[in-house]
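What follows is a single structure, written as structure tokens, with notes after it.
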Amino acid sequence: ADVLADFHGEMGGCDTCHVSKKGPTDDNLTHENAQCVSCHGDLNEIAAGEKDLKISPHKSHLIGEIACTSCHIGHEKSVAYCDACHSFGFDMPFGGKWERKFVPIDVQKDAQDKAIAAGPRETTDVVIIGSGGAGLAAAVSARDNGAKVILLEKEPVAGGNTKLAAGGMNAAETKPQAALGIKDKKEIMIEDTMKGGRNINDPELVKVLANNSSDSIDWLTAMGADMNDVGRMGGASVNRSHRPTGGAGVGAHVAQVLWDNAVKRGTDIRLNSRVVRVLKDDSGKVTGVLVEGKYTGYYVIKADAVVMATGGFARNNDRVAKYDPKLKGFAATNHPGATGDGLDVAMQAGADTRDLEWVQAHPTLSPRGGVMVTEAVRGNGAILVNREGDRFVNEITTRDKASAAILQQKGASAFLVFDDSVRKSLKKIENYVHLGIVDEGKTPEELAKKIGVPGTELAKTIATYNGFVKSGKDTQFERPNLPRELGTAPYYAIEVKPAVHHSMGGVKIDTKTEVKAKDGHLIQGMYAAGEATGGVHGANRLGGNAISDIVTFGRIAGAEAAKYAKEH
Ligand code: FAD
Ligand code: MEZ
């Protein structure tokens, strides 16, 4: 047998996995996955039997209920989904190598036209496209506003880039800030965001972002989120980046809370379901979507309103390089679905776009692990040193500046250096240790030897930096936050280099998330939120502002779409 289906077919025929010989009955493969679990146990049970493995393939940071078929594919070679970002190379039965080609939305045009001509297979009030934070927040709020909702996600797992978010969610004048004695103002968040975005942001959208940010923290908290740890991100003049207690990753937590609440409210969530067209009537009003179900084929859903929550395109290097040739060939921090086909769908439906030329590189991807190392490590005290063992930049400047500075260093990479007190301050660091991307030494000199930099110089750099912490002033690079001295052994280093991270540009929206057409009019029934949109972040997004963006604008989009559906 070459693939799982052959093997299972030999054991008991097609009905070992499928209800009927016709194959899957839905794109979540509900029946097929239940069959896997009934024989092999669920993910937790399988992971419990893998305690001896350093990395268990069945224990992950992905959200929702992970379908067995996300990796174990019936009629093709199986692939470990986590290898889209990591490269574990698990030895899996009937396994192949992770590989993914971008498939444009308009292939198979004849089959698509035929499905449209056949008319809708079903009807709903609101269709939400994308299961990241913007889509899930929109689903919760649309359901709370009385709409029937179908949420469509093209990937086999939910959560998009949101589930990977690490450092925090920016918000001003919040209860967690007050509990920690942090004084902040929404006006300062607006100023920081505009300055970070080089003032090309849409100021009205920035006001919505900042003015609703503390309500968004309350909204998440009321649904069960823990946003009580507050740290600093690049470009912020105040500590306002919220994350779970102890500094665990923010995205997986927020996405899981939103997922649980969307499910609890009865949202119909379909994975493996790519939207390839938003349909409109002759007057230009939205009438529904054309879906490409991975297993069920093309079909139409009739809907009054559609929310585009399709995220960005940082994982599609051809598209990135078209807008910013300097980033050609760069690795990306993003999940595999961040390809921008949602943007193509929106543009085909007549949506206007803005700021597409602004694509952000995150300064600290670990080339060894292929994963992004959160800015919170720097926010909590890590310094950046080059191969000479010297600091070369204010570590918590904005990302554009930090990335440019790293690329100018020998080897176009640098080392994040920190001590055990930084490690203890941020749970997320344990993940990097677990992944084997952290070097360690009992002294700065021992660490220096491991990473190949001059020991006396690294020790001197750390001592000078500690002097700045003591005096409260960094006279070398004017780093504004100096949270702790680096003096508690062991010392750690992670090699880092910039990678494509965020697409600032996207669909043009107004403050109610209504999508604008090229001639400036609003497309009736079309809404958009999150990384799929442009205008909130200008030319450069501040760390922590995206999770704030998706929760606030996702919430607004869901409520507005539900209201529109009720009225039409
Ligand atoms: P996503 O979460 O990406 O979701 C979009 C979804 O739409 C995806 O699942 C995608 O597969 C799906 N989709 C796309 N096209 C279609 C289609 N045609 N049909 C059906 N489905 C479709 N920001 C912060 O503020 N703080 C952080 O700490 C932070 N850390 C980050 C760490 C990493 C590693 C990364 C990659 C990003 C981080 N960000 C952070 C940025 C932030 O996570 C994202 O900008 C944000 O989560 C985007 O949310 P979204 O809902 O707009 O899109
Ligand atoms: O906003 C982000 O992208 C972010 C804070 C990422 C990170 O470094 O954790």
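For ligands, and for the atoms within them, numbers begin at 1 and follow the listed sequence.
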Close-contact set for ligand 2 against [X] heavy atoms, below 4.0 Å:
X	value
H501	2 (C), 3 (O)
A166	9 (O)
H362	6 (C), 7 (C), 8 (O)
M233	5 (C)

Quick one: does any side-chain atom of E155 pair with a main-chain N or O of L271 as donor and acceptor, under 3.5 Å?
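Checked: no pair found.
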Quick check against the 3.5 Å criterion: does T162 have a side-chain atom that pairs as donor or acceptor with the backbone of A255?
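Side chain of T162 to backbone of A255: no pair is present.
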Report yes if some N/O of [X] lies less than 3.5 Å from some N/O of ligand 2; otherwise report no.
X	value
R541	yes
G167	yes
G544	yes

Sole residue of E153, E292, E122 in salt bridge (charged side-chain N to carboxylate O under 4.0 Å, His left out) with R270:
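Exactly one option meets the salt bridge (charged side-chain N to carboxylate O under 4.0 Å, His left out) with R270, and it is E122.
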Are the charged groups of [X] and [Y] less than 4.0 angstrom apart, N to O?
X	Y	value
D344	R319	yes
K109	D113	yes
R274	D341	yes
D125	K148	no

Distance, nearest 0.5 Å, that separates OG1 of T124 from CG of D268
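With rounding to 0.5 Å, OG1 (T124) is 7.5 Å from CG (D268).
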Tell me which part of H502 gets within contact of ligand 2: side chain, backbone, both or neither, using heavy atoms under 4.0 Å.
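It is neither part, as no heavy atom is under 4.0 Å.
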Give me the ring orientation class for F313 and Y323: parallel if the planes are under 30° apart, tilted from 30 to 60°, perpendicular past 60°.
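Rings of F313 and Y323: tilted, 30 to 60°.
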What residue and atom, counting heavy atoms only, is the protein's closest point to [atom], and at what distance?
atom	value
atom 8 (O) of ligand 2	E375 N, 2.6 Å
atom 4 (C) of ligand 2	R399 NH2, 2.7 Å
atom 9 (O) of ligand 2	T374 OG1, 2.5 Å

Side-chain donor-acceptor pairs of residues 349-358 under 3.5 Å, sequence neighbours excluded:
unit_1: D352; atom_1: OD1; unit_2: K518; atom_2: NZ; d: 3.4
unit_1: D352; atom_1: OD2; unit_2: K508; atom_2: NZ; d: 3.1
unit_1: R354; atom_1: NH2; unit_2: I200; atom_2: O; d: 2.7

Anything with a heavy atom under 4.0 Å from ligand 1 counts, so go ahead and list those protein residues by chain and number.
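Near ligand 1, by chain and number: I129, G130, S131, G132, G133, A134, L152, E153, K154, E155, G159, G160, N161, T162, L164, A165, A166, G167, G168, V250, S273, R274, V275, A309, T310, G311, T333, N334, H335, D341, G342, M372, H501, H502, G530, E531, R541, G544, N545, A546, I547, I550.
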Taking everything shown except K497 itself, do over 12 heavy atoms lie less than 6.0 Å from its NZ?
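Open: at most 12 neighbouring heavy atoms sit under 6.0 Å from NZ of K497.
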